[in-house]
Amino acid sequence: MFLVTGATGNVGAELVRALAESGERVRAVSRSGRSEGLPAGVEAVAGDLNRPETVRAALDGVRGLFLMPGYGGQRQILADARTAGVRRVVLLSGLSAGTGDRDNAVAGYLLDAEDAVRDSGLAWTFVHPTSFMTNALRLADQIRDGDTVRVPFPDARTTDIDPYDIAQVALRALLSDEFAGRVLEVTGPEALLPADRVRIRGAALGRELRAVGLEHEETRAEMGAAGVPKPYVDAFFGFFVDGTLDESVVLPTVELVTGRAPRTFARWARDHMDAFR
Ligand SMILES: NC(=O)c1ccc[n+]([C@@H]2O[C@H](COP(=O)([O-])OP(=O)(O)OC[C@H]3O[C@@H](n4cnc5c(N)ncnc54)[C@H](OP(=O)(O)O)[C@@H]3O)[C@@H](O)[C@H]2O)c1
């Protein structure tokens with residue numbers, strides 16, 4: 001039995017599907033405990049990662065745990081996992097953890113999660129993805145409304161990854177001992193600017209979309225208005241404006257681990273066309 005947290009999210013839902021397709025039994029944890037869209041036979045469980053007592057029973061009989069980072073209950077959940085006999089944990093972390101910069105709020109919470117996992121005594125694998133292709137969904141309203149799309153951080157060239165590929169890597173790390181004690185840095189197959197991704201999305205939709213870069217102060221204001229706390233706004237400015245994180249390098253990890261090249265953004269855009277219509 002495998003326990004997948006964040007099971008209704010971008011990565012978790014793909015991982016639940018991948019495990020089920022591999023013939024594994026899966027328990028899918030989210031706060032809602034939502035079961036719609038999950039493959040037949042998957043057990044949907046309601047649990048809150050900030051309240052470990054709500055997750056404890058779901059650890060019964062579990063062999064491998066896929067853990068989302070940054071929740072208040074993570075240390076207790078890991079201790080409970082050890083007690084329950086869990087053998088392996090795969091943590092969803094991020095490329096920025098590789099900077100080791102605890103003063104950056106995003107890298108900091110990922111590093112705290114990694115510390116908790118290391119301290120748990122469980123066999124672990126950390127997955128360090130670049131930015132997710134699904135972040136493009138944040139522009140969906142603009143794309144539905146017109147052909148000009150305002151994009152933050154217009155000069156940040158990044159190797160965004162399809163959460164499908166993150167899940168494929170996590171699947172291998174859950175199913176075998178081969179990746180124990182390893183940090184797997186995973187990227188998509190190409191480095192693109194935000195304007196490139198807007199153009200590719202346009203092509204998928206049969207439209208000529210045009211990106212206009214936001215001034216940094218506009219981006220700051222919009223992130224603040226969207227409720228992103230200031231330390232996190234600062235963290236993203238650190239990555240994409242001050243250049244503390246280089247997400248522009250394509251890495252071979254997905255292909256090495258899965259035997260298959262990671263999916264392109266054009267493929268992702270075709271798969272998610274309905275979200276932009
Ligand atoms: N986006 C990026 O570019 C990027 C890059 C690198 C790393 N990451 C990391 O990836 C993570 C997000 O992954 P994602 O995009 O797959 O997730 P997501 O789509 O945002 O979904 C979050 C999932 O977690 C569940 N959840 C939220 N709060 C919870 C709680 N308190 N207890 C239990 N479950 C909870 C949600 O379901 P309910 O709401 O029903 O609980 C949902 O299933 C973040 O930690 C981020 O640091 C993201």
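One-based numbering, in listed order, for ligands and for the atoms of each. For clarity, every value in this text was computed on a predicted model and none was experimentally measured.
The side-chain tip of Arg118 points at the ring of Trp124 from less than 6.0 angstrom away and within 45° of straight on. A cation-pi arrangement is found for Arg263 relative to Tyr164, the charged atom lying closer than 6.0 Å to the ring centre and inside a 45° cone about the ring normal.
Between Asn135 and ligand 1, a contact under 3.5 Å exists for at least one N or O pair. At least one N/O-N/O distance between Ser32 and ligand 1 falls below 3.5 Å. Considering backbone and side-chain atoms alike, Ser93 places every N or O at 3.5 Å or more from each N or O of ligand 1. The distance criterion of under 3.5 Å between nitrogen or oxygen atoms is met by Phe132 with respect to ligand 1. The distance criterion of under 3.5 Å between nitrogen or oxygen atoms is met by Tyr71 with respect to ligand 1. Residue Gly94 places no N or O, backbone or side chain, under 3.5 Å from any N or O of ligand 1.
For atom 16 (O) of ligand 1, the nearest protein heavy atom (residue, atom name, distance) is Val11 N, 2.9 Å. With hydrogens left out, the protein atom closest to atom 31 (N) of ligand 1 is Asp48 OD1, 2.9 Å, a heavy atom. Nearest protein neighbour of atom 21 (O) of ligand 1, counting heavy atoms only, is Gly9 CA, 3.3 Å. Closest to atom 37 (O) of ligand 1, if we only count protein heavy atoms, is Thr8 OG1, 3.2 Å. Here the protein heavy atom with the shortest distance to atom 33 (C) of ligand 1 is Gly47 O, 3.3 Å. Closest to atom 13 (O) of ligand 1, if we only count protein heavy atoms, is Met68 CE, 3.4 Å. Protein heavy atom closest to atom 29 (C) of ligand 1, with residue, atom name and distance, is Arg31 NE, 3.4 Å. Looking from atom 24 (O) of ligand 1 to the surrounding protein, the closest heavy atom is Gly6 CA, 3.3 Å.
Contact record, Asn50 with Gly72: OD1-N, 2.8 Å, taken as the closest heavy-atom pair. Contact detail for Arg144 and Ala275: the closest heavy-atom pair is NH1-O, 2.6 Å. Between Leu245 and Glu247, the shortest heavy-atom distance links the atoms CD2-OE2, 3.4 Å.
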Practice item. Could you check Glu208 against Arg199 for salt bridge (charged side-chain N to carboxylate O under 4.0 Å, His left out), going step by step and ending with a plain yes or no? Key: CA-CA 7 Å; Glu208 279 207 19; Arg199 184 177 35 75; over 6 Å; no
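Under 4.0 Å from ligand 1, the heavy atoms of Thr130 that appear belong solely to its backbone. Residue contacts with ligand 1, taken as heavy atom pairs separated by less than 4.0 Å, involve Ala7 solely via the backbone atoms N, CA, C and O.
When the side-chain contact (heavy atoms from CB on, under 4.5 Å) test is applied to Ala28, the partners found at least two apart in sequence or on another chain are Ala7, Val16, Leu38, Val42.
Ring centers of Phe237 and Phe153: under 6.0 Å apart, within the cut-off.
Between the side chain of Asp101 and the main chain of Gly108, no donor-acceptor pair closer than 3.5 Å is present.
Within the set Thr54, Leu92, Val127, Thr5, the minimum heavy-atom distance to atom 11 (C) of ligand 1 is found for Leu92.
Arg63 has its side chain out of reach of Met1: every pair of non-hydrogen atoms, C-beta onward, lies at least 4.5 Å apart.
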